[in-house]
Amino acid sequence: MSDRVEIVLIALGWSGAVAVAGAGLLRVLRGRSLRASLLALCLTTVAAVIAATIGTAHAMFLSDHDFEVLLLVSVVVAVLMAGVSGLLAHNLAEGSRALAARTRAIGDIAALDLSADETPHRAPASAELAALSRELDAARTRLAESRAREQALETSRRELVAWVSHDLRSPLAGIRAMAEALEDGVAEDPDRYRKQIRMEVDRLAGLVDDLFELSVIQAGALKLSLEKISLSDLVSDTLAGADALARERGIALHGHAPADVAVRADSRELSRLMSNLVVNAIRHTPADGAVEISLVERDGRATIAVTDGCGGIPEEDLPRVFDVAWRGNNARTPGADGGAGLGLAIVRGIVEAHAGEITVANTGHGCRFEVSLPALA
């Protein structure tokens with residue numbers, strides 16, 4: 001047997017014995033802290049190297065002085081590596097605890113508040129832990145946003161129930177009173193009562209239609225029959241349909257549109273969208289005011305704008321204009337004469353179903369609603 005083979009076998013024997021002992025220690029430490037396991041692993045590795053070095057040096061019959069020097073060097077290296085191993089184990093354990101805390105925070109619904117100041121945390125000790133930390137942060141952000149949307153939806157539902165309850169109770173009470181008066185024969189003008197009952201029933205039917213439309217939109221079940229539609233014709237039809245209401249209220253209704261702007265959309269839903277916006281604008285513009293519809297095409301998008309003279313919406317209320325059941329101080333929906341605040345929510349649903357965008361902004365004397373849709377080439 002050559003000297004090299006003998007040295008290899010001796011090194012394997014000594015290091016193997018230490019490795020077996022280290023494996024037993026790691027088995028004992030299973031389920032304990034990560035710091036203890038990492039420290040045991042690092043020290044086992046260092047001990048195996050030192051054991052193999054000392055074992056082979058002893059077999060080489062070194063002098064006592066040389067053996068003491070080698071032993072001293074091994075001890076120094078062992079102490080140094082023990083310190084380094086302890087620091088590494090400490091950093092990994094701290095990173096693991098930080099990730100555990102962030103994971104618990106994700107599970108705690110009350111902790112999902114992105115607006116709260118977070119305690120600065122150190123970067124994890126490894127790229128893998130850093131990647132996991134980023135994923136946890138992203139998950140926390142998504143859950144917080146989801147929670148905010150859920151809370152906003154719940155608030156809208158409560159407001160909707162409150163508004164609908166009010167808007168159903170009042171006309172129903174009036175209808176009941178007029179019906180009882182007709183039955184008892186005490187109505188001074190029966191024809192007027194019957195006409196009023198018909199008007200109230202029509203208004204309630206419109207409210208029910210709006211509720212049904214909104215429920216379909218929110219359920220994602222709105223089915224569109226897409227076809228090529230000329231927006232110029234749509235603007236003209238909308239102007240013609242709203243002209244009588246504008247004249248009745250003393251509103252000047254204007255519109256202008258290029259003749260060659262077309263989109264792929266559902267004509268019925270798009271007509272309802274435009275009617276809601278224009279009627280909404282007319283009802284909130286004072287007498288002798290003006291409502292204008294404009295159409296432009298730019299960068300592959302067709303934009304329809306409806307500008308009124310309502311006097312503007314408070315800036316803090318602008319983000320809520322399209323929320324379900326929001327009516328604000330001036331009841332900014334087509335149901336202002338008794339509706340439940342569904343008109344603009346339905347408008348937004350129709351626009352989003354057509355892959356479009358809708359925005360609102362204050363102008364000098366009113367508001368400007370803009371609907372942007374993909375234009376056909």
Side-chain angles (χ1 to χ4, degrees), residues 152-153 156-157 159-160 163-164 167 206-226 229 231 234-235 237-239 241-242 245-246 253 255 257 263-285 291-296 301-308 310 312-313 317-328 330-363 366-375:
L153 180 59
S156 295
R157 285 174 177 170
E159 292 177 351
L160 177 60
W163 282 117
V164 170
D167 292 343
L207 175 59
V208 172
D209 289 342
D210 284 347
L211 285 171
F212 178 75
E213 181 82 4
L214 185 63
S215 67
V216 170
I217 290 174
Q218 291 188 334
L222 182 62
K223 296 181 180 180
L224 303 177
S225 299
L226 300 179
I229 297 176
L231 291 184
L234 177 64
V235 171
D237 293 343
T238 302
L239 290 171
L245 179 61
L253 185 60
V263 297
R264 186 170 178 79
D266 186 301
S267 60
R268 186 180 71 88
E269 296 297 338
L270 217 56
S271 296
R272 179 168 189 169
L273 178 156
M274 287 299 300
S275 177
N276 278 8
L277 286 179
V278 174
V279 171
N280 183 57
I282 293 173
R283 286 180 171 171
H284 295 92
T285 298
V291 172
E292 182 178 2
I293 309 174
S294 62
L295 171 64
V296 296
R301 307 283 295 185
T303 300
I304 303 174
V306 178
T307 306
D308 59 34
C310 68
I313 301 174
D317 287 339
L318 283 176
R320 298 196 59 204
V321 166
F322 300 103
D323 289 352
V324 175
W326 185 88
R327 297 198 288 193
N330 296 321
R332 287 295 313 174
T333 72
D337 297 337
L342 307 179
L344 292 180
I346 291 174
V347 166
R348 179 177 63 178
I350 295 174
V351 171
E352 292 177 349
H354 285 85
E357 298 178 354
I358 183 168
T359 59
V360 58
N362 287 322
T363 60
C367 301
R368 181 182 177 89
F369 290 83
E370 289 190 354
V371 175
S372 176
L373 299 171

So, for [X] and [Y], which heavy atoms are closest and what is the spacing to 0.1 Å?
{"X": "Cys367", "Y": "Val360", "value": "CB-CG2, 4.5 Å"}
{"X": "Leu239", "Y": "Gly255", "value": "CD1-CA, 3.8 Å"}
{"X": "Asn276", "Y": "Gly343", "value": "ND2-O, 3.4 Å"}
{"X": "Val306", "Y": "Ala281", "value": "CG1-CB, 3.9 Å"}
{"X": "Ala265", "Y": "Leu270", "value": "CB-CD2, 3.8 Å"}
{"X": "Val263", "Y": "Ala375", "value": "CG1-CA, 4.1 Å"}

For Phe369 and Val347, run side-chain contact (heavy atoms from CB on, under 4.5 Å): C-alpha distance rounded to whole Å, both residues' side-chain angles, the deciding distance at 0.1 Å, then the answer.
CA-CA 11 Å; Phe369 290 83; Val347 166; over 6 Å; no
Distance in Å, [X] [atom1] paired with [Y] [atom2], rounded so as to fall on 0.5 Å steps:
{"X": "Leu231", "Y": "Leu295", "atom1": "CG", "atom2": "CG", "value": "5.5 Å"}
{"X": "Ile229", "Y": "Ser271", "atom1": "CD1", "atom2": "OG", "value": "7.0 Å"}
{"X": "Cys310", "Y": "Ile282", "atom1": "SG", "atom2": "CD1", "value": "13.0 Å"}
{"X": "Phe322", "Y": "Ile346", "atom1": "CZ", "atom2": "CD1", "value": "13.0 Å"}
{"X": "Ile293", "Y": "Leu234", "atom1": "CD1", "atom2": "CG", "value": "8.5 Å"}
{"X": "Arg301", "Y": "Glu357", "atom1": "CZ", "atom2": "CD", "value": "5.5 Å"}

Stepwise side-chain contact (heavy atoms from CB on, under 4.5 Å) check, Val278 with Leu253:
CA-CA 9 Å; Val278 174; Leu253 185 60; 4.3 Å; yes
Residues Ile358, Leu273; criterion side-chain contact (heavy atoms from CB on, under 4.5 Å); working and verdict:
CA-CA 11 Å; Ile358 183 168; Leu273 178 156; over 6 Å; no
Do any N or O atoms from the side chain of Arg368 and from the backbone of Thr363 form a donor-acceptor pair under 3.5 angstrom?
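Judged by distance alone, no pair lies under 3.5 Å.
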Using a strict threshold of under 4.0 Å (side-chain N to carboxylate O), is an ion pair present between Arg283 and Asp308?
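Result for this pair is no, no salt bridge flagged.
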Could you pull out all residues at least two apart from Leu224 that satisfy side chain to side chain contact (heavy atoms under 4.5 Å, CB included)?
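Expected list: Leu222, Leu226, Asp266, Glu269, Ala353, His354.
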Under the side chain to side chain contact (heavy atoms under 4.5 Å, CB included) test, residues paired with Val208 that sit two or more places apart:
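For Val208, no residue satisfies side chain to side chain contact (heavy atoms under 4.5 Å, CB included) once neighbours in sequence are set aside.
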Assess the residue pair Thr238 and Leu277 against the criterion (side-chain contact (heavy atoms from CB on, under 4.5 Å)); give the C-alpha distance rounded to whole Å, side-chain angles, the decisive distance to 0.1 Å, and a yes or no.
CA-CA 10 Å; Thr238 302; Leu277 286 179; over 6 Å; no
Is the closest side-chain heavy-atom distance between Ile313 and Asn362 below 4.5 Å?
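Yes - at least one pair of side-chain heavy atoms lies under 4.5 Å apart.
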